[in-house]
Amino acid sequence: MTLDIERTPGTRRIRAVLALGLSASLIGMSQESAPADLTQATLEDLMNIQVTSVSKKEQKLSTSGAAAYVITREDIRRSGMMNIPDLLRMVPGVDVARIDANVWAISIRGFNYRYSTKVLVLIDGRAVYTPGFSGVYWDQQDVPLEDIERIEVIRGPGGTVWGANAVNGVINIITRSSKDTQGGLITAGTGSEESAEGLVQYGGKAGKKGHYRVFGRYFKIESSVAADGSPAADGWHGSHGGFRSDWDLSRHDTLTVQGDLYGTSEGQTITTLFSNQLPDFRTFNDKVTLGSGNVLGRWGHTFSNGSETSLQVYYDRFRRIDQATDILNTGDADFQYHFQVGARHDIVAGAGYRMTDHDYRGGYELSFGTGHRRDSLYNTFIQDEVKLTNTVTLTIGSKFEHNAYTGFEFEPSGQLVWTPTKRQTVWASAARAIRQPSWFDASSRLDLATFPVDGGGFGVLQGLGRGNTQA
């Protein structure tokens, strides 16, 4: 039995319907506007889907000159998926493997493992990769699926506009404006694996010019089944609360402010050396706890001539206890200007700065230098889309960055797009992208194994990060 509750300001409706399967759900649909039926869309309609991740500006998917794929809100609704990694299984060329109940390995263009690098992942423009190993902790990326507008996936280099680590691709998760989530929403579910899940959310108006939404979410995932049929030690549960507000400050100015608090407790089975008790080597169940939070502000201004500028600032912090205490603080500022010169040049330019402060202490077999590192990343970019003819465009540009590991780097690209008809597009591109070396690459020490030596005693096989690592 499924019980649907719908509640909007001034109205309340309850209806009961039958549901097939082994789950029961309590679902509120008041925040769902009528979705587009993509099965009835023409090929031209599908090619006209707007994307922003290719060039940091809105453009048609068909003319983007990139191997782009969009998971729409309707795709998410129809998929039945419960988390972002499973949604990414829908994207051609994206490799998704679930290692246990709380760990995924996700990559683009192969070479997939838990600590895959070279894929830049963003949530509303906030980078969520970890500079400790230049990858993503997917168990930390929790966005209510009801609040996702679309997920844009670029397969291929995106360094010119996004910078370091956008080597094999970019995954950009874009959430819905609070204007589109007015009213109340309650969801709850249970099943054999996800034994408890619930979301409570409300959206309203803030004065005459603003809208907001606030939400709280809880989930519990049961342990997976080990090879011998017994429960593994990888179950987890967590809670997530957050808000988003959108303001129309004037005819030309908009402001978005949003933030999240997230916490989980999960289990894992590990086999490790103990560097402070060598040659002690054990396999045991270990606990992982996480607390994280972020706040983001984005201001946009449109000039009378149609040019656009934006400024985004965010602060992100997490504290993860996972074989060691890992604490990362990130502050980021990004400015962008989009304008046209004459009838042929459509230019996007910008500059940014990011500071990271990282602590990693108390690991079983892994250590990082002194245990503390603070880095700065400076960048600027420019990209020009030149209209050569009515059907041919050339896009050229480059990102210029300075990082603490390899110094100055540049990431140029060029794309040639030919659209002979509304239903056909031919494009070719060339680009250079870099992966910024991680702290692990530069100054880690990993005790891999011990071995006996002549005369008694033992030796230790170690993996060492190189201080002169190149991108």
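If you're wondering where the values come from, they're calculated on a predicted model, not measured in any experiment.
- For the pair Ser292 and Phe318, the tightest heavy-atom approach, listed with the atom from each and the gap, is CB-CB, 3.6 Å.
- Looking only at side-chain heavy atoms (C-beta outward), Asn403 and Asp375 stay at 4.5 Å or farther from each other.
- Ile148 places a side-chain heavy atom less than 4.5 Å from the side chain of Ile173.
- Taking both residues in full, the closest heavy atoms of Gln415 and Ser429 are given as CG-CB, 3.6 Å, listed atom of the first, atom of the second, then distance.
- Atom-to-atom distance recorded for Leu199:CG and Thr187:OG1 is 4.5 Å, nearest 0.5 angstrom.
- Contact of the Ile171 side chain with the Leu88 side chain is registered, since non-hydrogen atoms from C-beta on lie closer than 4.5 Å.
- A salt bridge is defined here as a Lys NZ or Arg NE, NH1 or NH2 lying under 4.0 Å from an Asp or Glu carboxylate O, and Asp180 with Arg73 fails to meet this definition.
- Among the candidates Tyr113, Phe440, Tyr115, the single residue satisfying the ring-ring contact (aromatic ring centres under 6.0 Å, His included) test with Phe133 is Tyr115.
- Residues passing the salt bridge (Lys or Arg N to Asp or Glu O under 4.0 Å) test with Arg354, sequence neighbours excluded: Asp332.
- Listed here is the closest heavy atom pair of Pro85 and Trp138: CG-CE3, 4.2 Å.
- Here the CZ-OG1 distance, from Arg374 to Thr356, works out to 9.5 Å after rounding to the nearest 0.5 Å.
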- Message: As a quick check of understanding, evaluate ring pair (Phe, Tyr, Trp, His ring centres under 6.0 Å) for Phe219 and Trp236, giving each step before the final call.
- Response: CA-CA 8 Å; Phe219 66 89; Trp236 60 313; 4.9 Å; yes
- Message: side chain to side chain contact (heavy atoms under 4.5 Å, CB included) for Ile270 and Tyr364? Distances and angles first, verdict last.
- Response: CA-CA 11 Å; Ile270 61 175; Tyr364 296 142; 3.6 Å; yes
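- Across all their heavy atoms, Ala105 and Ile99 have their closest contact at CB-CD1, 4.1 Å.
- Crowding of Arg98 atom CZ: a count of heavy atoms from other residues, nucleotides or ligands under 6.0 Å exceeding 12.
- Judged by the 6.0 Å and 45° rule, Arg373 forms no cation-pi pair with Phe368.
- Residues Gln140 and Val128 fail the side-chain proximity criterion, which asks for heavy atoms closer than 4.5 Å.
- Side chains of Asp100 and Ser224: no donor on one and acceptor on the other come within 3.5 Å.
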- Task: Would you sort out whether Val257 and Phe243 count as a side chain to side chain contact (heavy atoms under 4.5 Å, CB included), showing the intermediate values?
- Result: CA-CA 8 Å; Val257 180; Phe243 75 96; 4.0 Å; yes
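- When all heavy atoms of Leu145 and Asn83 are compared, the pair lying nearest together is CD1-N, 3.9 Å.
- Between Phe410 and Phe408, the ring planes lie parallel to each other; the angle is under 30°, not in the 30° to 60° tilted range.
- Checking each of Glu411, Glu401, Glu409 against Arg432 for a salt bridge (Lys or Arg N to Asp or Glu O under 4.0 Å) leaves exactly one that passes, namely Glu409.
- Within a 6.0 Å radius of CZ in Phe111, no more than 12 heavy atoms belonging to other residues, nucleotides or ligands are found.
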- Message: Would Asp124 and Thr175 count as a side-chain hydrogen bond (donor to acceptor under 3.5 Å, both in side chains) here? Give the steps.
- Response: CA-CA 7 Å; Asp124 286 329; Thr175 63; 2.5 Å; yes
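- When all heavy atoms of Glu222 and Ala101 are compared, the pair lying nearest together is O-CB, 4.0 Å.
- Residues Tyr137 and Leu290 have side chains not in contact (no heavy-atom distance under 4.5 Å, counting atoms from C-beta outward).
- A distance of 8.0 Å separates OG1 of Thr302 from NE2 of His252, quoted to the nearest 0.5 Å.
- The line from OH of Tyr262 to OG1 of Thr264 is 5.0 Å long, rounded to the nearest 0.5 Å.
- For Arg155 (side chain) and Ile108 (main-chain N/O), no donor-acceptor pair under 3.5 Å exists by modelled atom type.
- Residues meeting the side-chain hydrogen bond (donor to acceptor under 3.5 Å, both in side chains) test with Gln340, sequence neighbours left out: none.
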- Item | Residues Thr181, Arg213; criterion side-chain hydrogen bond (donor to acceptor under 3.5 Å, both in side chains); working and verdict | CA-CA 7 Å; Thr181 54; Arg213 70 165 172 264; 3.2 Å; yes
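- To the nearest 0.5 Å, atom OH of residue Tyr360 and atom CG of residue Leu366 are 4.5 Å apart.
- Rounded to the nearest 0.5 angstrom, Ser376 OG and Asp357 CG are separated by 10.0 Å.
- With 3.5 Å as the limit, one finds no donor-acceptor pair spanning the side chains of Ser107 and Ser116.
- The shortest side-chain heavy-atom distance between Tyr337 and Ile347 does not fall under the 4.5 Å cut-off.
- A salt bridge does not link Asp147 with Arg244: every distance from a Lys NZ or Arg NE/NH1/NH2 to an Asp or Glu carboxylate oxygen is 4.0 Å or more.
- For Asp142, the side-chain hydrogen bond (donor to acceptor under 3.5 Å, both in side chains) criterion is met by Arg217, His240, not counting sequence neighbours.
- Between His301 and Phe303, the ring-plane angle classifies as perpendicular under the 30° and 60° cut-offs.
- A donor and an acceptor atom, one from each side chain of Thr254 and Asp248, are nowhere located under 3.5 Å apart.
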